[in-house]
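All values below were derived from every heavy atom in this structure, side-chain atoms included, with hydrogens, water molecules and symmetry-related copies excluded. This one's a predicted model, so the numbers in the text were calculated from it and none came from an experiment.
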Amino acid sequence: DMETLDAANGGVILIATPGRLQTHLAKTPAFANRLAEVQTLILDEVDQLCGELFAEATACILDAVPSASQFLFYSATLTKEVTQLIDQ
């Protein structure tokens, strides 16, 4: 909840599915402001996140995180879509 995030001193670790993050960005007041403070974003199975099923949610999340943040992408395969994401 947002009160817990606001009360946190130091770093906060958020673990969520792409769809749930996209929903919070759209519906939870001030959530986008919190994501704008992210310093490191870690995405696992990024090859799956670049696929048709999650591409829209992934793009929404990446747009909400500052470009100056550190991005760590993990994937067992290096697809064309993953390479394009890395090059962004």
Side-chain angles (χ1 to χ4, degrees):
D1 74 60
M2 292 306 294
E3 290 178 18
T4 302
L5 287 175
D6 287 335
N9 294 327
V12 174
I13 297 173
L14 173 65
I15 300 171
T17 63
R20 178 61 69 191
L21 277 179
Q22 185 181 29
T23 299
H24 279 300
L25 280 167
K27 297 182 178 183
T28 303
F31 190 78
N33 294 342
R34 295 299 300 206
L35 276 187
E37 297 174 12
V38 166
Q39 295 175 352
T40 303
L41 178 69
I42 302 169
L43 296 178
D44 192 16
E45 301 292 345
V46 75
D47 55 326
Q48 298 297 313
L49 297 178
C50 290
E52 285 185 37
L53 188 59
F54 297 110
E56 181 183 334
T58 302
C60 181
I61 294 162
L62 293 175
D63 287 344
V65 175
S67 60
S69 299
Q70 178 183 26
F71 294 89
L72 303 174
F73 299 137
Y74 293 92
S75 176
T77 59
L78 192 59
T79 64
K80 180 179 89 173
E81 293 82 10
V82 171
T83 304
Q84 289 173 344
L85 182 65
I86 293 168
D87 291 340
Q88 288 182 7

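Shown here for Leu49 and Asp44, the closest heavy-atom pair between the two residues is CD1-O, 3.6 Å. Phe31 and Leu25 make their closest contact through CD2-N, 3.8 Å (heavy atoms, listed as atom of the first residue, atom of the second, distance). Nearest heavy atom pair, residue Ala55 against residue Cys50, reads CB-O, 3.8 Å. Contact between Pro66 and Phe71 at its shortest, heavy atoms only, is O-CZ, 3.6 Å. Closest of all the heavy-atom pairs between Leu41 and Val38 is N-CG1, 4.1 Å.
Under the side-chain contact (heavy atoms from CB on, under 4.5 Å) criterion, Gln70 pairs with Thr40, Leu72, not counting sequence neighbours. A search for side chain to side chain donor-acceptor pair (under 3.5 Å) contacts involving Asp47 returns Ser75, Thr77, not counting sequence neighbours. Not a single side chain to side chain donor-acceptor pair (under 3.5 Å) links Thr58 to another residue, sequence neighbours left out.
Taking the side chain as every heavy atom from C-beta outward, Phe73 and Leu85 approach each other to under 4.5 Å.
By the rule that hydrophobic residues join a cluster once side-chain heavy atoms approach within less than 4.5 Å of another member, Leu14 and Phe54 end up as members of one cluster. The hydrophobic cluster containing Ile42 does not contain Leu62, counting ILVMFWY residues as joined when their side-chain heavy atoms lie under 4.5 angstrom apart, directly or transitively.
Sparse packing is recorded around CD of Gln39, with 12 or fewer heavy atoms of other residues, nucleotides or ligands lying under 6.0 Å away. In Glu56, the CD atom is not crowded: 12 or fewer heavy atoms of neighbouring residues, nucleotides or ligands sit closer than 6.0 Å.
The CD1 atom of Ile61 lies 12.0 Å from the CZ atom of Arg20; values are rounded to the nearest 0.5 Å.
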